Amino acid sequence: MHCWCLQGAAFLPSILVIWSSAGFLFSYIISVLIGHVPPFVPYISDTGTSPPESGVFGFMISVSAMLGAATMYTRYMILERQNLSIDFLPIYFNKISLAIGLFGCIGMGIVATFQEMAVPAVHDAGALITFICGVMYILLQSYISYKSCPTWNTRATCHIRMTVSLIAFIAVVPMIVCSILTGTTKLYWKPSDEGYPYHLTSAICEWTVAFGFNMYFLTFIRDFQGVSIQISTEIHEDF
């Protein structure tokens, strides 16, 4: 009996969600146990700044970025084929959505490669790209889902996707604003520190958006179950 999350191409979003969630949690657990960050809602990047957790964080987030790109491209191809049978979407709209999503994956790669304390400007730029492009991507995908309903999606799935997208959109704004208002970059925050309320608000919103992305990709599993990925090779003979 086949596992429902591994049917067809469903393994892509399934592995993406499991792997990225594990990456966040493993680096969090290691950094808290060692004492590098406080246990109560640190920034995600703070949990992957100091060794040894920085190696775990960098490796797992890099793989997550590649899995994300593969999932988004597969989603793009699925929508392209669906649109051929029932014209529900302008061609450029699907391409724009893919491009924005891939930019977000590049941002993830930047976050994984450039540590927060070592190169803060580059790291923060990568994080900004990741979250803004990620939120834009899931909002666009939610709109596409409504356009393809009820032929390719149920109304319930559309509502779930839009709800997650709106929560992420609402959370990303205070995440960025409060991060700027914090005014300083450090790993170990205490409630008595100046700017702590801003830090706490920003960190809570960051975790909300990050796991919002994971929840959103879970909704792709059903769409991917009926899709198979094939690799074809051609032998060219030189005469």
Side-chain angles (χ1 to χ4, degrees), residues 16-65 68 104-136 138 163-217:
L16 169 61
V17 171
I18 294 170
W19 184 273
S20 57
S21 298
F24 295 148
L25 295 177
F26 285 167
S27 58
Y28 168 80
I29 292 170
I30 295 171
S31 60
V32 168
L33 290 178
I34 294 176
H36 290 159
V37 297
F40 187 65
V41 200
Y43 280 126
I44 295 174
S45 294
D46 289 354
T47 66
T49 296
S50 305
E53 63 267 22
S54 59
V56 175
F57 180 84
F59 169 69
M60 297 195 76
I61 298 303
S62 294
V63 175
S64 293
C105 293
I106 292 172
M108 284 184 68
I110 294 172
V111 168
T113 305
F114 298 93
Q115 300 299 325
E116 181 183 18
M117 292 299 181
V119 196
V122 178
H123 178 92
D124 291 345
L128 203 61
I129 293 170
T130 300
F131 284 109
I132 291 178
C133 289
V135 169
M136 290 176 63
I138 62 176
T163 300
V164 174
S165 301
L166 291 176
I167 291 173
F169 175 75
I170 292 169
V172 80
V173 176
M175 182 199 80
I176 296 172
V177 173
C178 290
S179 176
I180 296 171
L181 294 175
T182 298
T184 183
T185 302
K186 60 181 180 179
L187 298 181
Y188 209 98
W189 284 85
K190 294 179 290 185
S192 58
D193 291 339
E194 183 180 357
Y196 179 78
Y198 294 125
H199 160 75
L200 183 61
T201 302
S202 180
I204 291 173
C205 290
E206 183 185 47
W207 283 95
T208 300
V209 176
F211 276 95
F213 291 156
N214 284 346
M215 288 183 63
Y216 194 93
F217 282 115

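Everything numeric in this text was worked out from a predicted model, so none of it was measured.
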Side chain to side chain donor-acceptor pair (under 3.5 Å) contacts in which one or both residues fall within residues 36-48, not counting sequence neighbours: Ser27-Thr47, His36-Glu53, Tyr43-Ser202, Ser45-His123
Geometric class of the Phe59/Trp19 ring pair [parallel <30°, tilted 30-60°, perpendicular >60°]: perpendicular
Min side-chain heavy-atom separation Ile138-Phe169 under 4.5 Å: no
Met136 atom CE, neighbour heavy-atom count above 12 within 6.0 Å: no
Smallest separation among heavy atoms of Pro38 and Val32, with atom names: O-CG2, 4.1 Å
Contacts of type side-chain hydrogen bond (donor to acceptor under 3.5 Å, both in side chains), residue Thr113, not counting sequence neighbours: none
For the student: nearest non-hydrogen atoms of Ala112 and Ser62, plus distance: CB-OG, 3.4 Å
CG on Asp124 to OG on Ser179, rounded to 0.5 Å: 6.5 Å
Tyr28 side chain reached by Pro39 side chain, heavy atoms, under 4.5 Å: yes
Parallel, tilted or perpendicular: rings of Phe211 and Trp207 (30°, 60°): parallel
Distance (rounded to the nearest 0.5 Å) between Ile29 CD1 and Phe24 CZ: 13.5 Å
All side-chain hydrogen bond (donor to acceptor under 3.5 Å, both in side chains) counterparts of Asn214, not counting sequence neighbours: Ser20, Ser21
Heavy-atom pair of closest approach, residues Thr201 and Cys178: CG2-SG, 3.7 Å
Between CZ on residue Phe213 and OG1 on residue Thr208, distance to nearest 0.5 Å: 11.0 Å
All pairs passing salt bridge (Lys or Arg N to Asp or Glu O under 4.0 Å) where residues 163-186 contributes a residue, at least two apart: Lys186-Asp193
side-chain hydrogen bond (donor to acceptor under 3.5 Å, both in side chains) partners for Glu116, two or more places apart: Thr49
Spacing of Ser50 atom OG and Ile30 atom CD1 [to the nearest 0.5 Å]: 12.0 Å
Worked check of side-chain contact (heavy atoms from CB on, under 4.5 Å) between Trp189 and Val37: CA-CA 8 Å; Trp189 284 85; Val37 297; over 6 Å; no
From CG (Leu200) to SG (Cys205), nearest 0.5 Å: 9.5 Å
Residues that Tyr216 engages under ring pair (Phe, Tyr, Trp, His ring centres under 6.0 Å), provided they are two or more places apart: Phe220
Glu206 CD to Phe131 CZ distance, which is reported to the nearest 0.5 Å: 4.5 Å
Reference residue Leu128; test side-chain contact (heavy atoms from CB on, under 4.5 Å); the match among Val111, Ile110, Ile176, Val172: Ile176
Among Val63, Ile129, Ile61, the one residue meeting side-chain contact (heavy atoms from CB on, under 4.5 Å) with Met108: Ile61
